[in-house]
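To keep things clear, I will list the structure first and then write my remarks on it.
Here is how names work: the chains are called A, B, and so on, in the same order as the sequence lines, proteins then strands, and each is numbered from 1.
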Amino acid sequence: MIEIVNVSKWFGKFQVLDKVNETIRRSQVVVICGPSGSGKSTLLKTLNGLEEFQEGDVIIDGISLKDPNTNLNKLRQKIGMVFQRFELYPHMTAVQNITLAPLKVKKMGKEEADQKAMALLERVGIADQANKYPGNLSGGQQQRVAIARALAMEPDIMLFDEPTSALDPEMIKEVLDVMINLAKSGMTMIVVTHEMGFAKEVADEIIFMDQGRIIERGTDKSFFENPKTDRARDFLNKILL
Amino acid sequence: MGGFDFKVIVDNFSFLMSGLLTTFQLAIIAISGGLILGILLGMARLSSRPYVYYPATVFVNFLRSLPLILVIFWFYFLVPILAGRPLGDFLSASIAFIVFEATYFAEIIRAGIQSIPKGQMQAAYSTALNYRQMMGYVVVPQAMKNMIPSLLTQSVIIFQDTSLAYVIGLKEFLRSGSIVDSREVRSLEIYAFLGVVYFLICFTMSTLSKRWERKKGSLR
């Protein structure tokens, strides 16, 4: 479904991605972890064209991101994304945040879009907050609205960029629960996170990145119990306490 | 001196008011034309295409480095050459003001749009919105809120700046006052009257804009 082939990227002279290769199949949940600056968020953002890359290719359902004829907007309809800092539109209510793209991109009728948005808010457990502005919601609620917003376009793939790292500890669980349900429903997910509990529960594969390279990969057990590289062992010791 | 005599104002009231009308006309043309051109220039300043960005940037920085009075003069002599015939002082002043004020509006608009975090644009793009939709529904409505106070302040400044059209002989409010003065020699009374009128108009405009700003702010 997603093939990342030898992707390299530089910010000026600084190389952020170094020949990254990875294949992700339908309904797989892949967790990317690694120290900050390792290129994991950048890698995630290359998958929906928010970040360009200089070498290699990303192929999604047979469509190449390097092909100049690729319609990025069409591709992005299939890929939802959730951001670390939620990035809800502050001038719109929760429902308006969710319906904007269905209304404008899919040209859906307002009534249908509203109904679908309410169903999604129900699914993430905050239907009662539908008409509030983001500024009046807690971080956990905002992130759940953001997940609903991404799901509103009915994507095949969901990208999560550190979805819980800007949250207060007591709100992490409510967001992770939504993500776990999503994973169990068969959504293809690529998740940059340090939430190893989440990784243990639903990840089919865990990738460890450092300095722009994937230096270790494994299924949950093999990765947690027996990391092969020192960097991964160090990292795990620091975050698993 | 012989004390103040405000009869001079009463006697010349309709003449002075026709000058004030010209001032209003010039200000409205300068604000609306400047805003339209300013939006285009501001967008060009944000463009990633070098052949759009650089000409707009040079244009904006060049004009912002000149005194307005020089630009008014310059257009007064330049426009007839470009147009092939004299266009009159009102039209030539209008063009000078639109072009000059557009560069100030452009910078307000550019800064307002750049004040919106990049993450907002990424979020909009990630839901498959195109550039126009992203700007129209996500960025500009938020930027507007940040820009409106500066746009209103700049409009008040433009209203005051119109008095500089005096130098090319345009009979706006200040000029009509000075014409009356040269006839009646009542400088103190006349300029006091002009000052009070400018003050009342500008103070009212900025008070209204502040009140409106506060009302907008409390909505969020």
Can you tell me if [X] has over 12 outside heavy atoms packed within less than 6.0 Å of its [atom1]?
{"X": "A:Lys106", "atom1": "NZ", "value": "yes"}
{"X": "B:Phe203", "atom1": "CZ", "value": "no"}
{"X": "A:Met108", "atom1": "CE", "value": "yes"}

| field | Under 4.5 Å from a heavy atom of chain B, the part of A:Tyr89 involved | value |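 Both backbone and side chain.
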| request: Go through the atoms of A:Leu75 and report whether side chain, backbone, both or neither lie under 4.5 Å from a heavy atom of chain B. | output: neither
| Sequence neighbours excluded, which residues qualify as side-chain contact (heavy atoms from CB on, under 4.5 Å) partners of A:Gln96? |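 Testing A:Gln96 for side-chain contact (heavy atoms from CB on, under 4.5 Å), a comparison that skips the adjacent residues, returns A:Met92, A:Thr93.
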| query | Quick one: of A:Gln84, A:Met81, A:Lys104, A:Gln77, who has the most non-hydrogen atom pairs under 4.5 Å with chain B? | reply |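 The candidate making the most pairs under 4.5 Å is A:Lys104.
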| said: Suppose the criterion is ring pair (Phe, Tyr, Trp, His ring centres under 6.0 Å): which pairs have a residue in residues 139-171 of chain B, not counting sequence neighbours? | reply: B:Phe24-B:Phe159
| said: Suppose a student defines contact as a heavy atom less than 4.5 Å from any heavy atom of chain A. Which residues in residues 38-74 of chain B would they list? | reply: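 Result: none.
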| Close approach to chain A in residues 122-129 of chain B, criterion heavy atom under 4.5 Å | B:Gln122, B:Ala123, B:Ala124, B:Tyr125, B:Ser126, B:Thr127, B:Ala128, B:Leu129
| query | Can you say whether B:Gln133 sits under 4.5 Å from chain A via the side chain, the backbone, both, or neither, judging by heavy atoms? | reply |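 For B:Gln133, side-chain heavy atoms alone lie under 4.5 Å from chain A.
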